[in-house]
There are 2 protein chains.
Amino acid sequence: MADKAAALAAERAYLYTKDLILRGELSGGQLISEGRICGELGVSRTPVHEAFLRLDTERLLALSSRKGAVVLPVAPQEARDVLETREAIESTAARRVVADGGPAQEVLSRLRANLERQEEYAGAADVEAFVEADEEFHSSVVAASGNPIAVHFFGLLRDRQQRLRHQLLGIRPGHLAVVLDDHRRLVDRLRALDAEGYAGVLSVHVARHQGAL
Amino acid sequence: MADKAAALAAERAYLYTKDLILRGELSGGQLISEGRICGELGVSRTPVHEAFLRLDTERLLALSSRKGAVVLPVAPQEARDVLETREAIESTAARRVVADGGPAQEVLSRLRANLERQEEYAGAADVEAFVEADEEFHSSVVAASGNPIAVHFFGLLRDRQQRLRHQLLGIRPGHLAVVLDDHRRLVDRLRALDAEGYAGVLSVHVARHQGAL
DNA sequence: ATCGTAGATCTTGCATGCAACTATGCATGC
DNA sequence: GCATGCATAGTTGCATGCAAGATCTACGAT
């Protein structure tokens, strides 16, 4: 995997452009040329070209040879597709965790610490911080499955979901408590080694998100 | 997405190198430099570099800045991870197809035609052709869900499974009939709008594969 | 014999230049 | 008015060159 440090020009260009797309500053259908990013970042076309290629494989940009790049618009069913696939991966991860004897002590502590943070953010109505903790919560469960492929896919879905949030408005602060309660129940199901129960709660949980979008 | 034609040097380099890895000619842990591929393909380093970046994002190659590229070895649990994730995605796709009123007539014809091909190949004990039809069968179901993200992920998993097959030996011709029978049952479940039945058959089906690896 | 160090060699990261291709605007002919 | 051809500008694809970092080797000091 590419180094995370922004020291490398290609990595900077990738993060910069992806952020433009995810935050909606480049909206769907819009054309964008490598030259523009070059100018804004003060690097040559090579690293920007590499960044574009990567965004192309992630289906955020659509490149056409010698014609240019167009920001892929959010598909009408994007929310459904993303949430459905996330649910599939996370449910499967939970089943694996349960099949392996339940979450390790370390995982459990992490989840509990995360829940406390969520509680704090929900109380402060800090939606931004809550959403971040939310992501971390679900990612922790997937990571606990020990399936690196699932972790990888989950990360890609996280990007797309972030874009959806920016595009389709956010979450109402009043919903935070409900979401937090769902998360508590998920941890309970995991501790009870109830994989199907986990899948059921998750399904309702995801449906709530879908309703919000 | 990049153009499929091998006209572009970068695409050629990507397909060429990926094939080396998938077919096991470059085994895990082995170092490989861009220069080598350049020589073998007669192109400059630029397109090869781009190919390497892409293989890095697909977790087939691990790049280290200014050190080189190493072919990622097949993880011990790779087979389990791949099959498990495939099952998750395909089951979810089947649920979607059923929720949308069952497979379209077009999809059904395609599946049936595919089954006939499988029958032919199984009779001829043509494992290679059968495996290809097998892949196409499952891909068709996922595609029928209309979830492009799932389709994308499924494609990535297909590459990894191909690598596993090459590495861990193939399928015994005698098993072809059993696999074909599973496929028939899957189509039946789809026609009966029985998503959970589909998931159940698929689970057994995948477990068979896992046993073979 | 062992350790450390300097040099050589290998590797990639990036800037630059050129060529090929696409799309656009405009003049031309009908 | 409308289609056609051409020049032009804009875009990417790729080769090349240079520099920076990493690794290996040889040699000298201890």
Side-chain angles (χ1 to χ4, degrees), chain A residues 1-21 25-73, chain B residues 1-21 25-73:
Chain A
M1 191 62 194
D3 307 338
K4 60 174 61 175
L8 280 68
E11 186 73 8
R12 265 188 305 150
Y14 168 71
L15 292 174
Y16 178 82
T17 310
K18 186 167 87 169
D19 195 58
L20 285 182
I21 299 174
E25 301 197 15
L26 291 174
S27 46
Q30 193 166 342
L31 276 129
I32 178 171
S33 74
E34 299 172 358
R36 169 181 162 182
I37 305 293
C38 293
E40 296 178 11
L41 257 61
V43 299
S44 85
R45 271 185 44 228
T46 305
V48 175
H49 185 61
E50 291 171 1
F52 275 35
L53 287 173
R54 196 161 153 194
L55 292 167
D56 178 67
T57 72
E58 293 181 12
R59 305 288 195 281
L60 290 173
L61 226 48
L63 304 183
S64 299
S65 187
R66 284 181 181 97
K67 281 200 288 190
V70 38
V71 178
L72 272 180
Chain B
M1 193 63 192
D3 307 338
K4 62 173 65 173
L8 279 68
E11 187 73 9
R12 264 189 304 152
Y14 167 72
L15 293 174
Y16 178 80
T17 310
K18 186 167 87 170
D19 195 57
L20 285 183
I21 298 174
E25 301 197 16
L26 291 175
S27 46
Q30 193 167 342
L31 276 129
I32 177 172
S33 74
E34 298 172 357
R36 169 181 161 182
I37 305 294
C38 294
E40 297 179 9
L41 257 62
V43 300
S44 85
R45 270 186 45 229
T46 305
V48 175
H49 184 61
E50 291 171 2
F52 274 34
L53 287 173
R54 196 160 152 195
L55 293 167
D56 178 68
T57 73
E58 292 181 12
R59 304 291 194 280
L60 291 173
L61 226 47
L63 303 182
S64 299
S65 186
R66 276 175 251 269
K67 280 200 289 191
V70 41
V71 178
L72 272 180

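A, B, ... follow the sequence lines: proteins, then strands. Residue 1 opens every chain.
Leu53(B) places its CG atom 7 Å from the P atom of dG13(C), with the value rounded to the nearest Å. To the nearest angstrom, C1' of dT24(C) lies 19 Å from CZ of Arg66(A). In this structure, CD1 of Ile37(B) is placed 15 Å from C1' of dT11(C), rounded to the nearest angstrom. At whole-Å resolution of the value, CG in Leu63(B) and C1' in dT11(C) are 12 Å apart. One interatomic measurement links the two molecules: CD of Glu34(B) to C1' of dG13(C), which rounds to 9 Å at whole-angstrom precision.
Between the CG atom in Leu61(A) and the CG atom in Asp56(A) there is a gap of 7.0 Å [rounded to 0.5 Å]. Rounded to the nearest 0.5 angstrom, Ile37(A) CD1 and Arg45(A) CZ are separated by 13.0 Å.
With a 3.5 Å ceiling on both atom-pair distances, the Watson-Crick or G-U wobble partner of dC26(C) is dG5(D).
Taking 4.5 Å as the limit, some side-chain heavy atom of His49(A) sits within range of a side-chain heavy atom of Glu50(B). Taking 4.5 Å as the limit, some side-chain heavy atom of Phe52(B) sits within range of a side-chain heavy atom of Ile32(B). Within the 4.5 Å cutoff, the side chain of Thr57(B) has heavy atoms near those of the Arg54(A) side chain. Two residues are said to be in side-chain contact when any heavy atoms from C-beta on lie closer than 4.5 Å; Arg36(B) and Leu26(B) meet this criterion.
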Show the numbers, then the answer: is there a side chain to side chain donor-acceptor pair (under 3.5 Å) between Glu11(B) and Tyr16(B)? CA-CA 8 Å; Glu11(B) 187 73 9; Tyr16(B) 178 80; over 6 Å; no
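Listed by chain and residue number, Gln30(A) satisfy the side chain to side chain contact (heavy atoms under 4.5 Å, CB included) test with Ser27(A) (two or more places apart in sequence, or in another chain).
Here chain A contacts DNA chain D (any atom closer than 4.0 Å to a heavy atom, that is under 4.0 Å), and the contacts span dT11(D) to dG13(D) from 5' to 3'.
Of the residues in residues 43-52 of chain B, those placing a heavy atom less than 4.0 Å from an atom of DNA chain C are Arg45(B), His49(B), in numerical order.
Ala69(A) comes within 4.0 angstrom of no nucleic acid atom, judged by non-hydrogen atoms across all strands.
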